Structure formats: C-alpha cells, structure tokens
Amino acid sequence: MSLNPAQQEAVNTLSGPMLVLAGAGTGKTRVVMHRVVNLIRHGVAPSRILAVTFTNKAAREMQHRAAELLGKRQSQAKPEISTFHSLCVRILRRQIHHLGYPSQFAIYDRGDQESVARAALREIRVSETTMRPGDLIQVISRWKMAGIDPTRAGSVAQSDKEHLAAAGYRRYQNALKAAGAVDFDDLLGLTGEVFSRHADVRREEAARFDHVMVDEYQDTNAAQYRIVKALAAEHRNLCVVGDDDQSIYAWRGAEVTHILRFKNDWPDAKTVRLETNYRSTRQILDWSNRLIAFNKVRHAKVLRATASGEEPRILQVQDETAEAKLVVEEIARAVAARRARHGDFAILFRTNEQPRPFEDELRRAKVPYVLVGGTSFYDRKEIRDVLAYLKLLVNPRDEISLLRVINTPGRGIGQTTVTRLVEAAVGQGKPVWDALANAEQYGCVSPAVLKAIGAFRELIGRYRKLSKAGPLVDMVRSLVDEIGYRDELARLYPNPDDVQTRWASVEEVVNAVGGYCQRESRPTLSGFVQEVALGDRDTSDDKESRLAGDAVALMTLHSAKGLEFPAVYMVGMEEGLLPHKRSIADAAGAIDEERRLCYVGLTRAERRLTLTMALTRRKWGKARPTLPSRFLYEITGQADNPNYLASVRKAPGGAAPASNNSRQTGRQ
DNA sequence: GACTCGAGTCCCGCC
DNA sequence: GACTCGAGTC
C-alpha cells in the first residue's frame, strides 16, 4: 500500500520539529517506521535514530517492522527503538553515579515498593488501616511525577493524609536510596534530574542521537516531556505523533496539553494531520465517532473510512461464565468453518480479573491464546524468590531482596533474628547486609543462628563472584540447586502437580537468562535483572511470538492501544467496569478518560466488532446484578433513553433496573 | 522457629 | 473466592 499525501509529507519531512496529529487507524506507526527508513536512506546512521514508545509491546512491534522494512539493507545496525523506561535505564546506568546511586542500581517493582512503603509506614507509626502501602505509593508516585521531592512534599500536602504521606515519602525515598534502588517513577525523574543538574551529562546523552521520534505523544507525563525536550534541544529533529482522543494515561500523569501546545514549544514545528482511516469499516467508525463526540474537550477530527462492512453487535448474557462461553464458541466456530484464524481475534477487557473465565473456556475448547501483559508470571512466589536471589547477587544492599531470601528456603534465621538485625542496621545507618557480618555484636544470637548467617553470607559472596565470572545460566542453575529450592517447593506444596508447575516456572527463569545471554553481546546479571523489572520479556524465546502468530489475543484496553485485529470482542460493557467504578466516583474528567479508553477499544477492530455485557457478575464470591455501561447508550445514539440516565446516576453494584426490558440496549 | 487455623481484606490501568 | 495476616500451639 502506498502512502497518501499527508503520510508522505510526514515521512519526507526529515529535519526540524514536527507534530503529526493522527486519528485512530490512520497509519501513524507506519509513518514513524517509514520515516526511520527514509532517514536511513538519506544517509543517517541507524544508531543515530531514536524512537520512543510507551509499551514494550509497541517497541517490539516497531522493532519488528523496522527490521522488515530495512530488510537486507542494514542487517547489522539498528535504530534505537525502546520504551521511555528502558531508555532511561540505559542513560542511568551511565550517569546515575552523578546522583550518588550505584551504577548497578536495583529497580523496585510494585511488590518491592509495597514492602518499602509498609516499612516506611511502620517507622512513622501509621497503621495500615489509616493508610495502606498502596495508598502511600500512589501519593508518592503523583508527587514524583509532578517533580516534588520529599523535602517539598510537606509544604504541598493539603489533607492530614497527605501530611502523613509526606513523612512516609521521606522514609520511603531514604530507604530506596540506602538500598541503591529506584522505582519506576525514579527512572524518569532521576533521568530528568541528572539532566538538569549536570548540563554536560545532558549534552552528552543528547549527542547520541540526531533524530528523535515519540509515538503516542499524548501520553507523555511531565518527566517524559522534560526528557524529550532535553534530548532534542540541540538538533531539533523531533517528530511526535499522537491523538488526543486516545489519551488514556492521565492516572500516571500524562498531560494532553503536551501535544496541544507542541507548537508553542517548537514554534517552527510543522503540523501534519492524518485523517484517513485505513483500519475500520464505516460502521465501526460511526459507533466510535458517536461515542467520542460525548467528550466535550477535544480536538474535533474528521476520520474518513475507506471500507464498509457489517453492523457491530451488542450481546447480552447471564453472567461472566456465559460471556466467556459465547465468545469462545463463536471464535471456535468461525475458525472451524475456515472463516477466520485464531489470530484474527482479540478479546479486550478493562481489568485484569476479567480474563480468568475466558482462559478457562479457551483451554477447555483447546483454542490457542496469548494473555498479553498481565505481570502474572513475575508475580508468582517462586519466580520472585529466585529473582530476589539474583537481585541480591547484583546488589547486596538491596534490602527487600535480602529480607525475602534470608530464610527462604528455611535455614534457621527466623523472624526474631531478622528483626533484631534490621533494627541494629537501621540504628547504625548501615545496610542490613553489613549488619550480617557483625551479627554477634547484636547479642542474643545463638551459635546455631550465627553459623546459619555465616553460611548465608558465604553463599551469596561465592555466587556473586560466579555471576561475574562464568556463564550466567550455569550459575543460576547451580544456585537454585544448592539452596534446595525444589525440596522447598515439595515441602510447601503437598500436591506433586503443583510442585511440578512451580518448578517449571523456575526453569523458565533459567531459560529467560539463557535467552537474555544469547541476544546480548555483553550479558550481565544486572542487565538481566533490570530487563526483567521492566517487563521486557524474552522475545527470542519465540514461544510467545510463535503462539501469537495464530492465537487469540487477550488483553486489557490499555495494552491494546496501537494494535488492530480483524475481529474484536469488548467484554464486560457494564457500569463499574467500563467506566470503572473508581472513575465514576472520581472527578468529572475521569469519565472522559474512560470514554477515550472505550474509543480506543472500538477503533482496534477492522471488520467485526462485538460488545458484550453480563446481567450479573461474580464479585468476592457473590453474583451481583449489573447495569449496562452508559457507553452502550451513547454508542447506539440512545442517550435520551431513561435507562441511560439511570446508568449515569446509579452507583455501580446497586439494585437492578426496574424491568428486564430496560436491558435491551442495542441490536441483538 | 514452624505450623495451623480463622478472621479480615480485597485490586483499575502500565513501565 | 483467594489471599494475607495474626494469634495460638507444638
């Protein structure tokens, strides 16, 4: 397919700032990729080109397409295509020492963050009923994204809760720094900080590239915005691509204003609008346009369809099991009749609890599927245990990992001992790891425990050396073996099948290390651990990609952004799910974002679009009645239907509407 | 220090 | 329904 004039313009403008305002399905990824190729064709070295995405999935997709387009031309050198977070990790590995962190810093994921937050709350004597670790993390994250450091948090805190959080923030941040660790927000924030504090560092990093492209620019938050500006300041070859109607990350600080005021930041910027939609049928676009028009604050766009097709459907079922059955049966039937392939289908949902019944049905029907995103693999206990060992080998100051493995599997260092050691370490302002060396000084530690501590230190020290010397895979395998992790699993899980599956995931970690070592020219354990923390899953282990070749895709609406499928099922179209109950309770703007999220879902579909809703949905063990999503009424042009108003007003999970007829929300 | 049992809590979305 | 946490017991 050749490029249309607008796309052509975006592809051919190779220098200077440019804003590409692209509606859904107008080929914006295509434009970015062709620009990359065009730049290379004009003699720009691939390594001088940086393209930034938000999700790993988008980065992988782009890398893949770039390789395809470039073909034999440049098989060696590749443009740098990565997420903001992995870009920042690379920058920080080189530069974070300027801020007093070790170069091999640990990245704390959500679980680690919670542990740190829990400890911080304990320190300031706030009970978890007053403030849960998750709440604290949320406030801290908001502050970090706004560039507020712990010293300033106290002055911006408004409520009592925020004052507590400000105190918690100080402890939290101190603990991270003491452990030589950063959280996800720090990755962006510290990169910005090192740039603003050290002009030479900024120039050095900016000088690595001559061209910068940012996809989904409407989703940049303040920190990302600063980083983009810092990297493009000199060469000014900055091309950003986005669509304000698809801004769905306000909850992590994204500001649509960045894309709206691009022309102010870069006055000589060229603007290109892409408005021809090549993806969806006219019928699907009609629904999408009708929906998004309910958002009052937006840049009106005219999306022109290029194809016509069948009317989308709304289906109503009894409960979530019936919903899964219906969808999976339809898919299986279509594939059996050779009308479609498994890979043509995507099942999109709002929350991560929704895919479960679908997975059950898909397995039962022997339909291949890929559950995209969902950090479930790395959330498993056994994976976290093994990874904690690896993280500790990289960085013995990593307290969270140390505490996780110090007595896992049990080696006789009990809770009492650990508490005593932690208190001693905190008292002296030293890492717990150092306290282990002088455990006997802290009294009340029996000879047996001392011996266990000594053995543990020896173990970690020895494997630390091995991790720097020999092949990583062998090291990990031997470590897992030596700590007797398999026996530990057998002890914990009486059912041999459980032991088997859990041991299989431990093997997966070993495989992941192997995959990492294969594609990295200079593999290091810290590199692997950081990659894992970013969720940058193993792509060379082509199990996923092979499966993805012809498997039904299951994913959240958020991770579906940027993708397209011949047939899309949007499931759980109910008040409380989409829009989510938290957004219903929130300020007015939150519903608009849910609507954009719904819009993103609708516009993923090329030819077939099906929305489903269940009359009851099981929650915390009980089936509860639901209300149809208000978006169903808006989509079908029934916003004057009295039930629409009921949806809008009713709290989720409330009583069922008066009659069953009220649930006839659309064509069946 | 390890284990069992019952009460209480529970989650939006992503890197 | 699933999981965590704390109290109580060995």
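Because the structure is a prediction, the values reported are computed rather than measured. Heavy-atom basis, side chains included; hydrogens, waters and symmetry copies ignored. By convention in this document, chain letters (A, B, ...) are assigned in the order of the sequence lines, proteins followed by strands, and residues within each chain are numbered from 1.
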Colleague: Are K381(A) and D385(A) close enough for a salt bridge, meaning some N to O gap below 4.0 Å?
Modeller: yes
Colleague: Within 45° of the six-membered ring axis of Y599(A) and under 6.0 Å from that ring's centre, is NZ or CZ of R596(A) located there?
Modeller: no
Colleague: Atom CD of Q113(A) to atom C1' of dC15(B): distance rounded to whole Å?
Modeller: 10 Å
Colleague: Quickly work out the E488(A) CD to dG1(B) C1' distance and round it to whole Å.
Modeller: 14 Å
Colleague: Looking at I81(A), is its backbone amide N or carbonyl O close enough to the side chain of Q63(A) to form a donor-acceptor pair, meaning the two atoms are under 3.5 Å apart?
Modeller: yes
Colleague: Identify all pairs in which a protein N or O lies below 3.5 Å from an N or O of nucleotides 3-5 of chain B, and state each distance.
Modeller:
residue : atom : partner : partner atom : Å
dC3(B)  : OP1  : R491(A) : NH1          : 2.7
dC3(B)  : OP2  : R491(A) : NH1          : 3.0

Colleague: Encode nucleotides 6-13 of chain B as B, S and - characters from 5' to 3', where the letter depends on protein heavy atoms closer than 4.0 Å: B to the base, S only to sugar-phosphate, - to neither.
Modeller: ----BBBB
Colleague: What is the distance from CZ of R90(A) to P of dC15(B), rounded to the nearest Å?
Modeller: 16 Å
Colleague: Using the C1' atoms only, state how far dC14(B) lies from dC3(C), rounded to an integer number of Å.
Modeller: 23 Å
Colleague: To the nearest Å, how far apart are K561(A) NZ and dC15(B) C1'?
Modeller: 13 Å
Colleague: When the distance from CZ of F184(A) to C1' of dC15(B) is rounded to whole Å, what number comes out?
Modeller: 5 Å
Colleague: Hey, are E575(A) and K581(A) close enough for a salt bridge, meaning a charged N less than 4.0 Å from a carboxylate O?
Modeller: no
Colleague: Do E353(A) and R617(A) sit within salt-bridge range, that is, some charged N less than 4.0 Å from a carboxylate O?
Modeller: no
Colleague: Quick one: L92(A) CG to dC15(B) C1', roughly how many Å, whole number?
Modeller: 14 Å
Colleague: Is a side-chain donor or acceptor of D109(A) paired with a backbone partner of G111(A) at a separation under 3.5 angstrom?
Modeller: yes
Colleague: Write down the distance between CD (E531(A)) and C1' (dC15(B)), rounded to a whole number of angstrom.
Modeller: 13 Å
Colleague: Starting at the 5' end of DNA chain B and moving along, which residue's nearest nucleotide shows up first, A533(A) or G412(A)?
Modeller: G412(A)
Colleague: Looking at N407(A), I'd like to know whether one of its side-chain N or O atoms comes within less than 4.0 Å of OP1 or OP2 on dA2(B).
Modeller: yes
Colleague: Which whole-number value in Å describes the distance from D112(A) CG to dC15(B) P?
Modeller: 17 Å
Colleague: So, Q104(A) side chain and N395(A) main chain: donor-acceptor pair closer than 3.5 Å or not?
Modeller: no
Colleague: Applying side chain to side chain donor-acceptor pair (under 3.5 Å), can you list everything that pairs with H558(A), at least two apart in sequence or on another chain?
Modeller: W251(A)
Colleague: Main chain of G527(A), side chain of Q530(A): is a donor-acceptor contact present, judged purely on distance under 3.5 Å?
Modeller: no
